[in-house]
2 protein chains.
Amino acid sequence: MVNGPGKITINDVAKAAGVSKGTVDRVLHDRGEVSKKSREKILKVIDELGYKPNVYASLLASQKKHTIVCVIPEYSEGDFWSLTAKGLFEASEAAQRYGVVVEVMTYDQYDVDSFRAACGKVLDAGPSGVVIAPMFRLETLAFVKDLVSRGIPYVYIDSKLEDDGYLAYFGMPMYQSGYLCADILTDGRNVRKVYIVRIERDKKGHSDPTVMRRTGFMDYMTEHYPSAHIVNVFIDPKNADAVYARLDEAFAADADAPKMLVMFNSRIHLVADYLRERGMAGCRVVGFDVLERNLSALRSGHVQALIAQHSDRQAAAAVNALVDSLILGSPVPKKDNYTQMDILNRYNCEYYM
Amino acid sequence: MVNGPGKITINDVAKAAGVSKGTVDRVLHDRGEVSKKSREKILKVIDELGYKPNVYASLLASQKKHTIVCVIPEYSEGDFWSLTAKGLFEASEAAQRYGVVVEVMTYDQYDVDSFRAACGKVLDAGPSGVVIAPMFRLETLAFVKDLVSRGIPYVYIDSKLEDDGYLAYFGMPMYQSGYLCADILTDGRNVRKVYIVRIERDKKGHSDPTVMRRTGFMDYMTEHYPSAHIVNVFIDPKNADAVYARLDEAFAADADAPKMLVMFNSRIHLVADYLRERGMAGCRVVGFDVLERNLSALRSGHVQALIAQHSDRQAAAAVNALVDSLILGSPVPKKDNYTQMDILNRYNCEYYM
DNA sequence: CGAAATTCCGTGAACGTTCACGGAATAATT
DNA sequence: AATTATTCCGTGAACGTTCACGGAATTTCG
């Protein structure tokens, strides 16, 4: 019941207060031009009658055009960010019902300048709210400072920064995901050596989003397997041959012993491909995120477990939080929303999406 | 990136189709009194223009009051059904925005008559839609027949029956959850014996909701561990002392060997309590559902894993599906919605809710 | 063929807000 | 006191639907 049982309208309030609905509306929206006396009277009447504005009528009448702009890394079919994009599009559909337009703006996560450019375009678009998946610390901080100064609310997804002007955050607890990963990988077994496959990337201006995850992983290992040998292998994901060469090289010492392998980003499928190619069985392999390629590695048995998050839901939740606060004026219930970490294996992965 | 605001109104459609908005409205709501020709033309135009009705205008104009009644087993703080109830209340809040009232009606899951009574009250309330968590097969079938005859849509949660008049179903794939459970319990270990702890319940008129789960479990075992010995232990959950006695008795043969234990309902905490009481360590224990008591058993290490479902989200999804179909007239996208099976251990359980 | 029945459709008044516009009342200034 | 500024407020037209009403067009039938 939108209006409560009594169905009290703005007209009822106006009548009871001896003014017109226009005046009531003015105090309702703090639009000024109302004498102190009327104002107080109206407020009193509103309270007494328990008047609750009708959201539909309000939304209908105020043809406000809200735009929410989302800034995320470029994506292509099947990769990590495409899932986030999917969530954004879903939320966009729902938001349309409220007359809210959702725009997605992408940037090259390996190119600071493209991020700066994207931010500029966002500000030009004059959005009512912003969703941002940050990859560059300094530039993001500068950007949100701009947003704050313009009174534009923003919410972080995926990871957040240490400022606290954000309306909300939706993402995975990174440190804990690394800790959990180690537990799943080792799983009470004997552990002599663990390979961490990492990506060589252009480090300048770039903050590795998985660093906390690695920290969590390492902490678990030093707590539970202090004598285990941790080997880092760096690969260039863009060059398949080089990947294989690197792994061959790393495994040369004990070629056919079963291994423990882990990656902290979404590319574990690279490792799975390698293992299949080389016919290596019996390895214990754990990775992150539900890309289609990772799922098939899970099904084929080259990966034992994936730790996943519903980044589509996170994205949608971010948009919804913004819509709620923008349109309905409802306060955001929780600022930091750590989404659950899902453990996927071959038996439950089919029901994940 | 995403469509602009729904600029297209019913008037635009009317003009483009060469009719009046009244006629368009009639086809939008299947209110009849429209010639086949106009109808088709209008439908075509709607599709071409991508017309989306403005929910708010619609809600404003049609001062309809919808009520959704949910029939679920009685619950109390912290038990399985309280989570479902929580989801219902959350959805209720959202539904209020659309002027939809959500009512929850409970019945004693061990008493057919109370279920019958609840159904009667539901019908009296004259709801626009019903959410139902069925426990009694025959009575539920009779009930939904009544609903169908009155044209009241209903959706199943938790489990469903073999009729197919339901609008949607939200629940866990029970068979697979048992299969998964066996995989997690055994986990590549040697398995000689597994204890299944079950509940003695008054069987009359009662269909055990976990039977499919048990079947899945057993299938896994015969496939992977054909020689394993499966022992069923029956307990009465209401009598703690008797539970302990029964377990003592069952374990008498090999008292202090580490055991594998499993329960297919939400009461694994009973087993955990027993193990703590008896100081038995090193057992492998797997159960279902995220009751607070189960979570603390997980934290304390007496339970290794829980298989969980977001029954709150299922409940909310059920209400939302009904709201969508009632208010927005949008068809339900999927009839059978099998929600994901979450694997919880001590490292990821804190982020589950 | 004409009247009655039936089918189909347009009209316009709600629904409860928002907000621009213009005017009344009051205060400030000359 | 007359004029001008300022403050305050009422009016009414949107916003995009829904749906009752009445009438036009078409069909049916004697």
Practice prompt. For A:Ser35 and for A:Ala61, locate the closest nucleotide of DNA chain D by heavy-atom distance; then report the residue assigned to the nucleotide nearer the 5' terminus.
Written response: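 That would be A:Ser35.
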Discussion item. Under a 3.5 Å threshold, yes or no: a donor from one side chain and an acceptor from the other, between B:Asn54 and A:Tyr56?
Written reply: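 No donor-acceptor contact under 3.5 Å links the two side chains.
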Item to complete: For D:dC9, take OP1 and OP2 only and decide whether either is under 4.0 Å from a side-chain N or O of A:Ser38.
Response: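 A:Ser38 to D:dC9 OP1/OP2: side-chain N or O found under 4.0 Å.
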Worksheet entry | Under 4.0 angstrom between B:Ser20 side-chain N/O and C:dG10 OP1 or OP2 |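 Result: yes.
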Practice prompt. Could you check B:Phe143, B:Tyr169, B:Tyr166 and say which one makes a ring pair (Phe, Tyr, Trp, His ring centres under 6.0 Å) with B:Tyr156?
Written response: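 The ring pair (Phe, Tyr, Trp, His ring centres under 6.0 Å) with B:Tyr156 is passed solely by B:Tyr166 among B:Phe143, B:Tyr169, B:Tyr166.
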Practice prompt. Would you mind reading off the distance between B:Glu33 atom CD and D:dG22 atom P, rounded to a whole angstrom?
Written response: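 Spelled out: CD on B:Glu33 to P on D:dG22 is 14 Å.
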Kindly point out which of [options] is positioned nearest to the side chain of [X]?
X	options	answer
B:Thr23	C:dG12, C:dC9, D:dG12	C:dC9
A:Val19	C:dC15, D:dG10, D:dC8	D:dG10
B:Arg26	D:dG10, C:dG16, C:dC9	C:dC9

Discussion item. Going by side-chain hydrogen bond (donor to acceptor under 3.5 Å, both in side chains), B:Gln314 matches just one of B:Thr84, B:Thr339, B:Asp158. Which one?
Written reply: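 That would be B:Thr339; it is the only one of B:Thr84, B:Thr339, B:Asp158 passing the side-chain hydrogen bond (donor to acceptor under 3.5 Å, both in side chains) with B:Gln314.
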Discussion item. With hydrogens left out and only the distance checked, is there a donor-acceptor pair under 3.5 Å joining B:Lys52's side chain and the base of D:dG16?
Written reply: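 No such pair is found, so the answer is no.
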Worksheet item: Going by an N to O cut-off under 4.0 Å, is there a salt bridge joining B:Arg39 and B:Asp30?
Response: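 Counted as a salt bridge, because a side-chain N and a carboxylate O are separated by less than 4.0 Å.
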